[in-house]
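Heads up: the structure comes next, in structure tokens.
What you are looking at is a predicted structure, and each value in this text was computed from that prediction instead of being measured. Just so it is clear: chains get the letters A, B, ... in the order the sequence lines come, proteins before strands, and each one is counted from 1.
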Amino acid sequence: MINITFPDGNVRQYEAGASAMDIAKSISHGLAKNVLAARVNGEVWDSTRPIEADSTLELLTWKDDDGKSTFWHSSAHLMAEALEALYPGTKFGIGPAIENGFYYDIDLGDRVLSTEDFKKIEDKMLELARQKNDFERREISKADAIAYFEEKGDEYKLELLEDLPDGEITFYQQGAFTDLCRGPHIPNTEKIKAIKLMKVGGAYWRGDENRKQLTRVYGITFPKQKELTEYLALLEEAKKRDHRKLGAELELFMFSERVGQGLPIWLPKGNALRERLMSFLKTEQEKRGYKTVSTPHIGRKNLYVTSGHYEKYGEDSFQPINTPREGEEFLLKPMNCPHHCEIYAHKPHSYKDLPIRLAEFGTVYRYEQSGELHGLSRVRGFTQDDAHIYCTPDQLKDEFLDVLDLTKMIMNKMGFDKVTAQISLRDPENPEKYIGSVENWEKAEQAIIDATKEVDLETITEYGEAAFYGPKLDFMVKDALGRSWQLGTIQVDYNLPERFELEYIGADNQAHRPVMIHRAPFGSLERFLSILIEHTGGKFPLWLTPEQFAILPISDRFNDYAVEVERALTKHDITGVIDSRSEKIGRKIRDTEVKKIPFMLIIGEKEAEAKTVSVRRQGEGDIGSMTIEEFAAHFKSLL
RNA sequence: GCCAGCAUAGCUCAGUUGGCCAGAGCAGCUGAUUUGUAAUCAGCGGGUCGGGGGUUCGAAUCCCUCUGCUGGCUCCA
């Protein structure tokens, strides 16, 4: 007998060799029906795999992330089975589960797969799922595995096998399809009830752009049809909120082929949003001792050679601008930090001056590959809410904590209540990607790790995600549709101060090197606004929205009173527009609703006489009549 | 940058296998209407069919090329 420990601490005895599924059945059949996989001693296993020794056991269902990903991984195999049945000779790369569903990279030879083929593949998958085939795990020797794929002629699997040690190779089979796979899998294909293929695209074999491009087919599956329907509805909603669509509809920003790819142009309303964001952040930063600076959009090439940016990005960047005579070279500013370092360096500093916090809404230009550009989220010219803090090593932690505090405060104000962070450290396998001494890196990484421990912040750690000059703390938020986005960042940097030979005179009358913190809570205004647009669906927070009200006169006769109302509200710092067209009130309301202006102030005979406004809230309807002062008070109560 | 797809009026889209002056709705303009909580009526203007080249008696439609956009890959200081 073996002892099985459950997550609640209960221990029960089972016969050696019992599987998680057997154990689930002993508890309840309802539970067993829902089991997709099991976590045995912390490792995800097939629910049907025999457990031979004392273990901890957690049964995984659709509610668990690992249950879902097992389900989707098995669905990838099911899709592969369908593809092999429909297109014999198909070769298979890899087919993992991803955040939403799964994909499989396949080589179809000369055949081009398009979305029109999806229906056929989905139908085949459903047909195969209904055959109720078990996923069978089998350990196999390397030689036998190689023989199998040589026979099949699948060079991709053979290449994968090269890296696998003999004795750790497993095959999984369901129905007619056998795949090299570590597993685990769900017990049986019958659990897959709803199937939707999503997209098809190219993907380099093993992510290497010099190697063959395979066809990647994305899909998603669910145990219930209803869940698929809900998922598709969510995608529909996301499409409606797409910032590119809303940006055009609400006249926030535009792009122009003539101006150039990836160069956003802000229209008056979008610019109002930007201005309001900037002034909000400026006020917060002033409270925290930041000083604002302005630096040029270009700088001599040598500046970036000094900073190390040129060496790292020079080739893949906008190329230097040359002056007519002197042969001087200037670069478009890709970062603000070198300029700020020069500001620091322009005069000697005492330890008593530190920390020095230099802030700038700095517009920078980076050459992004054309295929990467995407609305406002990935552009070639953008404005960072940048600041650099120069401090002594002793001050580092407090400064870092203050930046953390500021960032969290800002995110909450923006309506993102779930903020998490990623600690981005060096890739231990590629030290040559980074500049600066190992010692400085260790100090910087430790500073971030220590500081985040002191605050209430959920973090994950990723290796290889650091910037080339220092480790980062990257902030992530979840939007209204549950999607995660990466926003701003805080970076600790010992390297640039060294490269720019920055110093301060300490209490010991000796020169010391300051530490530098790079930080941008929003990251860039462009990217942040793209996320905010989708998060709010264009219904921005009142304090941020470009047009806070629209005055809608019932007829031309009340246009004068409309102006009176507008003036009164301007005195309260509430701004909006008047719709003085000779249209019926229904029309004016409809047009204002579509523009998502939060308040409609309808005025006619009654209101003009009583000096009131009839207030309608966007998306909600009439909320009654009130005086202008009452409305202003109501408005302010909502800020 | 690579692979695949797309590009018709300000916007959303029609335009059959190449064949009369390229269409609709919304938006715009003009006029009428002076209106009470999600679209008043009528009239008018607007397109070198993304740019260039080619095939053809004839191209929005077929071919080449450039530009831009979309999805995916790679990249992201």
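Side-chain atoms of A:Q213 lie closest to B:G72 of the nucleotides B:U34, B:G36, B:G72. Set against B:U34, B:A77, B:G1, the side chain of A:Y367 has B:G1 as its closest nucleotide.
Of the two residues near RNA chain B, A:A467 and A:G375, the one whose nearest nucleotide lies more 5' is A:G375.
In this structure, A:E547 does not pair ionically with A:K595, as no charged nitrogen and carboxylate oxygen lie closer than 4.0 Å. A salt bridge is absent between A:D105 and A:R206; no separation between the charged side-chain nitrogens and carboxylate oxygens falls under 4.0 Å.
Counting distance only, with no hydrogens placed and no angle test, the side-chain atoms of A:R211 and the base atoms of B:C73 include no donor-acceptor pair under 3.5 Å. On a pure distance criterion of 3.5 Å, no polar donor-acceptor pair joins the side chain of A:Y313 and the base of B:C76. For A:R366 against B:C76, no side-chain N or O and base N or O form a donor-acceptor pair under 3.5 Å. Checked by distance alone, A:Y204 brings a side-chain donor or acceptor within 3.5 Å of a matching partner on the base of B:G1.
Across all strands shown, A:H374 has heavy atoms under 4.0 Å from sugar-phosphate atoms exclusively, and none from any base. Heavy atoms of A:E605 sit under 4.0 angstrom from at least one base atom. Within the nucleic acid shown, A:F255 has no heavy atom closer than 4.0 Å to any nucleic acid atom. Using a 4.0 Å heavy-atom criterion, one finds that A:K606 contacts the bases of the nucleic acid, with or without backbone contacts as well. Heavy atoms of A:G371 sit under 4.0 angstrom from at least one base atom. Using a 4.0 Å heavy-atom distance criterion, A:S614 is classed as a base contact. Note on A:E607: a base of the nucleic acid sits closer than 4.0 angstrom, heavy atoms only.
For A:R519 and B:A77, the CZ to C1' distance is 17 Å, given to the nearest whole Å. A straight line from NZ of A:K433 to P of B:C76 spans 7 Å, rounded to a whole angstrom. Regarding A:K239, its NZ atom lies at a distance of 11 Å from the P atom of B:G71, rounded to whole Å. Atom CG in A:D242 sits about 16 Å away from atom P in B:C11, given to the nearest Å.
Side-chain N/O atoms of A:K199 include one lying less than 4.0 angstrom from OP1 or OP2 on B:G72. A close approach under 4.0 Å does occur between a side-chain nitrogen or oxygen of A:Q261 and OP1 or OP2 of B:C69. Taking side-chain N and O atoms only, A:R244 has a distance below 4.0 Å to OP1 or OP2 of B:G71. Between B:U35 and A:R557, a contact under 4.0 Å exists linking OP1 or OP2 to a side-chain N or O.
Paired runs in RNA chain B that reach 3 or more consecutive Watson-Crick or G-U pairs, where each pair keeps both distances under 3.5 Å, cover B:1-7 with B:67-73, B:10-13 with B:23-26, B:28-32 with B:40-44, B:50-54 with B:62-66.
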Protein and nucleotides 38-41 of chain B: nitrogen or oxygen contacts under 3.5 angstrom:
from  : atom 1 : to     : atom 2 : distance (Å)
B:A38 : N7     : A:R616 : NH2    : 3.1
B:A38 : N6     : A:E593 : OE1    : 3.0
B:A39 : N7     : A:R590 : NE     : 3.3
B:A39 : N7     : A:R590 : NH1    : 3.2
B:A39 : N6     : A:R590 : NH2    : 2.7
B:A39 : N1     : A:R590 : NH2    : 3.2
B:U40 : OP1    : A:R587 : NH1    : 3.2

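Remark: A:R426 fails to qualify as a cation-pi partner of A:Y434 under the 6.0 Å distance and 45° angle criteria applied to the six-membered ring.
Atom CG of A:D154 and atom OG1 of A:T90 lie 9.5 Å apart (nearest 0.5 Å).
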